[in-house]
**Student:** 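This is the structure I want to talk about, given as structure tokens.
Every chain is numbered from 1 and lettered A, B, ... according to where its sequence line falls, protein lines coming before strand lines. As the structure is a computational prediction, the values presented were derived from the model and not from experiment.
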Amino acid sequence: MSEHGTTLNIEKFGSASEAKALSAEADDWTLIIRPQTGWFDLHLADLWRYRDLVTMFVRRDFVSFYKQTVLGPLWFVLQPLLTTLTFTIIFGNLAKISTDGLPKILFYMSGITAWNYFGECLTKTSDTFNANASIFGKVYFPRLSVPISIVISNLIKFAIQFGLFLVFYFYFLFRGSNIQPNSMLLMLPVLLLLMAGLGLGSGIIVSSLTTRYRDLRFLVQFGTQLLMYSTPVIFPLSSIPEQYRWIMIANPMTPLIETFRYAFLGTGTVSWGMLGYSAVATLVIMTVGILLFNRVEKTFMDTV
Amino acid sequence: MSETVIQVRDLSKRYRLGVIGGRRLVDDINSSMARLLGRQDPLAKVDLLPGADKQKAARSDEMWALQNVSFDVEKGAVIGIIGRNGAGKSTLLKILSRVTAPTTGEVRVKGRIASLLEVGTGFHPELTGRENVFLNGAIYGMTKAEIRDRFDEIVEFSGFEKYIDTPVKRYSSGMWVRLAFAVAAHLDPEILIVDEVLAVGDAAFQERCLGKMEKVAGDGRTVLLVSHNMSTIQQICKECIMLKNGSIHKVGAPGSVVSEYLSETRVATNVDLTQWQDRTGNGFAKLSRMAFLNADGEEAGIFPIGTTICFDLETTYNRELIDPLFEVIIHDPAGEPLMHLRSEHDGLRIGKVNGRTSVRARVDNVGLYPGRYFVSARIAAGGRNVDFPRLCGSFQVTPSPGRHGDLRLNPKWGKYHLDSTWTRGDQ
Ligand SMILES: Nc1ncnc2c1ncn2[C@@H]1O[C@H](COP(=O)(O)OP(=O)(O)O)[C@@H](O)[C@H]1O
Ligand SMILES: [Mg+2]
């Protein structure tokens, strides 16, 4: 009996204190859904709250990559090898394009390794809406977590190719080739970050545009390829006549590739000014990308 | 003590028709080139309409899936949302779950929402059940630690201890829903939104889900539920909203809203189903007509208890089907399914069909208690739903003179009369 009474009292007390709390925060809505949020209503805090989701996506990518048939992972090893071989034969031996006096294999391979990371980030993130339409249609989460996780999980593939590059690199180093690793190696994380940012930024710009123009998707692969030829992957910047060089440098990937190569091999056209330009361009592209992406994600689901 | 946790104000949603699948860049370039050169746009629709009608035509490529919907939901309420297919139920839930943005209006929400809009929310087939639980939890905004805390509970609820380390690509669709619901229900959301997905699981699991939803509501959380199952709605909802053509048609106690919903089904002896909206299916064929006939093969809408009812189903095929299965479901006045007649059970093997067919299901000595009954019809083939118009017909059973008519049939104690033989055992 007394027990019962006690319980009752506690209940009463509970509801009373609850009432007080409620009246204090009567207008405390946690979420307001409105039609057109402004361009700058980015919910970036949401993205932080969902950071575990980003790691889950990365894990998913990794697991499904590694559960693939052997051919998938094997391809990541073969692709740079074959490309390097092709470039060495065609551009190096037949066309006799300069490699700044560096061993041809290392010259091409360094360019390809760095470029592949950027290119993978670009092509994969540009497919964000298309590849995730079914899940976007079912549940809300910050959509940006998908491209961000792609950029991170691509690091794994980069690591494989980078490891391969290092094998060749050390081989040439110990054979006493004319290569000088230098302090620019310390910039490596920054370079990667900028490449990731550039790939992410341009990828989500493309992915936003593809929701309107589906046929753009098929141009992405081709466009990325084309872009590679306007980046010093197969020729050094120094081989371009002075008066046209600015066209190349306008491509923010150019300084990144040149610096990457310079850090390991000791030859290349590198300046802080060019790197600074790349950083600013990356920032601009990413900002534009995020704004566009944020705009599109609101109504994308109505069009699939 | 009531607190409003969802406030919907003047919510409208407009879909633009014709943007599905997006446009092609080449088309836009073509059009603007043509405009630049002063030629006629090669892709413009030929329009013969004079000025005034043009505006109307321009608007006809839009459609308002929701129009000026306003309501409040109080904390701990279980709200049922009903309406015919295309009424806007899913659109409403999608806006609440932030999958799509409204066109006008505003929603205010207090607390975390977890929504279960469709089957298999974001499962990855290569990953195991365990990995998918974590992925799904994260998609719903849970942290890894939160999921780890609830993992055992989730697995236990789903009943998958044995399969939890199997890739989900080996799961059946029913299993996907079970796991998805298990995750969603254990998120401890302040608001749980469920759209018709529970129709997939087996009866025992559905029971468990309903129980869980009631429990969730009992804990002071809020549930919004879309269902075509009127008995589910009446069983667990405290209040019900009926949508019709994108607007709120009726709000109130489930009983009255459900009967309003069902009253739209006419008693007709011969129902043209071609225009029936409330249906699902893959479109390979369409049930085009349903008729009720008596023992003499005459169309009828009223059947005395104890007599014969025939259901005639006419089907129009869009492609050849092999051995389709026909079903008739008889619902009680509350919409709860009572009888399930299946051509398969009773031996109709129709073979390859195309064009048009007509099949008849005959039930003799119908023991349904007097009252009004609703009928759904279905055609399925190869285990897939081809066409399923719901609650599309209705007939009346009346008391009849003679044996059945003399019986006392109190619907409080029974729904169906079965003949039984009684003997005294102690003599
Ligand atoms: N993405 C879309 N584009 C165009 N119309 C749509 C789209 N989604 C739904 N609709 C239309 O909006 C209306 C409401 O659909 P929905 O909310 O799915 O209804 P319900 O769930 O009640 O069956 C329907 O007429 C449907 O055809
Ligand atoms: Mg729906």
**Student:** Could you tell me which portion of A/Arg143 (side chain, backbone, both or neither) has an atom closer than 4.5 angstrom to a non-hydrogen atom of chain B?
**Tutor:**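 Just the side chain, heavy atoms under 4.5 Å.
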
**Student:** Could you check which of B/Gln7, B/Met142, B/Glu190 has the highest count of heavy-atom pairs closer than 4.5 Å to chain A?
**Tutor:** B/Gln7

**Student:** Shorter than 4.5 Å, heavy atoms on both sides: which option in A/Asp46, A/Leu209, A/Leu53, A/Thr210 has the most such pairs with chain B?
**Tutor:** A/Leu53

**Student:** Run the side-chain contact (heavy atoms from CB on, under 4.5 Å) check on B/Ile139 and A/Tyr50 step by step: do they pass?
**Tutor:** CA-CA 8 Å; B/Ile139 286 175; A/Tyr50 276 74; over 6 Å; no

**Student:** Name the region of B/Ile95, side chain, backbone, both or neither, that has any atom closer than 4.5 Å to a heavy atom of chain A.
**Tutor:** both

**Student:** Side chain, backbone, both or neither: which part of B/Val5 has a non-hydrogen atom closer than 4.5 Å to chain A?
**Tutor:**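 Backbone only.
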
**Student:** With a 6.0 Å cut-off (strictly less than), is the heavy-atom count around CZ of B/Arg9, excluding the residue itself, greater than 12?
**Tutor:**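 Yes, enclosed.
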
**Student:** Please find the pair of heavy atoms, one from A/Pro35 and one from B/Thr104, that lie closest to each other, and give the distance.
**Tutor:**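 Result for this residue pair: CG-CA, 3.6 Å.
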
**Student:** At what distance, to the nearest 0.5 angstrom, does CZ of A/Arg59 lie from CG of B/Leu127?
**Tutor:**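 The CZ atom of A/Arg59 sits 8.0 Å away from the CG atom of B/Leu127.
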
**Student:** Can you establish whether the number of heavy atoms outside A/Asp127 located under 6.0 Å from its atom CG is more than 12?
**Tutor:** yes

**Student:** Is there side-chain contact between A/Thr55 and B/Lys144, with heavy atoms separated by less than 4.5 Å?
**Tutor:** yes

**Student:** Pick whichever of A/Asp52, A/Val54, A/Asn132 has the most heavy-atom pairs under 4.5 Å with chain B.
**Tutor:** A/Asp52

**Student:** Would you indicate whether B/Tyr163, at its atom OH, is surrounded by more than 12 heavy atoms from other residues, nucleotides or ligands within a distance under 6.0 Å?
**Tutor:**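 For B/Tyr163, atom OH is not crowded (no more than 12 foreign heavy atoms under 6.0 Å).
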
**Student:** State, to 0.1 Å, how close B/Ile6 and A/Trp29 come at their nearest heavy-atom pair, and which atoms those are.
**Tutor:** N-CZ3, 4.5 Å

**Student:** For residues A/Lys138 and B/Val99, report the shortest heavy-atom separation together with the two atoms involved.
**Tutor:**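 Residues A/Lys138 and B/Val99, closest heavy atoms: C-CG2, 3.8 Å.
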
**Student:** Supply the atom-to-atom distance A/Ile135 CD1 to B/Asn136 CG, rounded to the nearest 0.5 angstrom.
**Tutor:** 7.5 Å

**Student:** Do B/Arg98 and A/Ile33 come close enough that some side-chain heavy atom pair is under 4.5 Å?
**Tutor:**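 B/Arg98 reaches A/Ile33 side chain to side chain.
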
**Student:** Side chain, backbone, both or neither: which part of B/Phe134 has a heavy atom under 4.5 Å from chain A?
**Tutor:** both

**Student:** Give the intermediate values and the outcome of side-chain contact (heavy atoms from CB on, under 4.5 Å) for residues B/Arg16 and A/Asp302.
**Tutor:** CA-CA 8 Å; B/Arg16 278 183 209 290; A/Asp302 300 346; over 6 Å; no

**Student:** Between the side chain of A/Thr30 and the main-chain N/O of B/Val109, is any donor-acceptor distance below 3.5 Å?
**Tutor:**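 Answer holds: yes.
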
**Student:** Side chain, backbone, both or neither: which part of B/Thr143 has a heavy atom under 4.5 Å from chain A?
**Tutor:** both

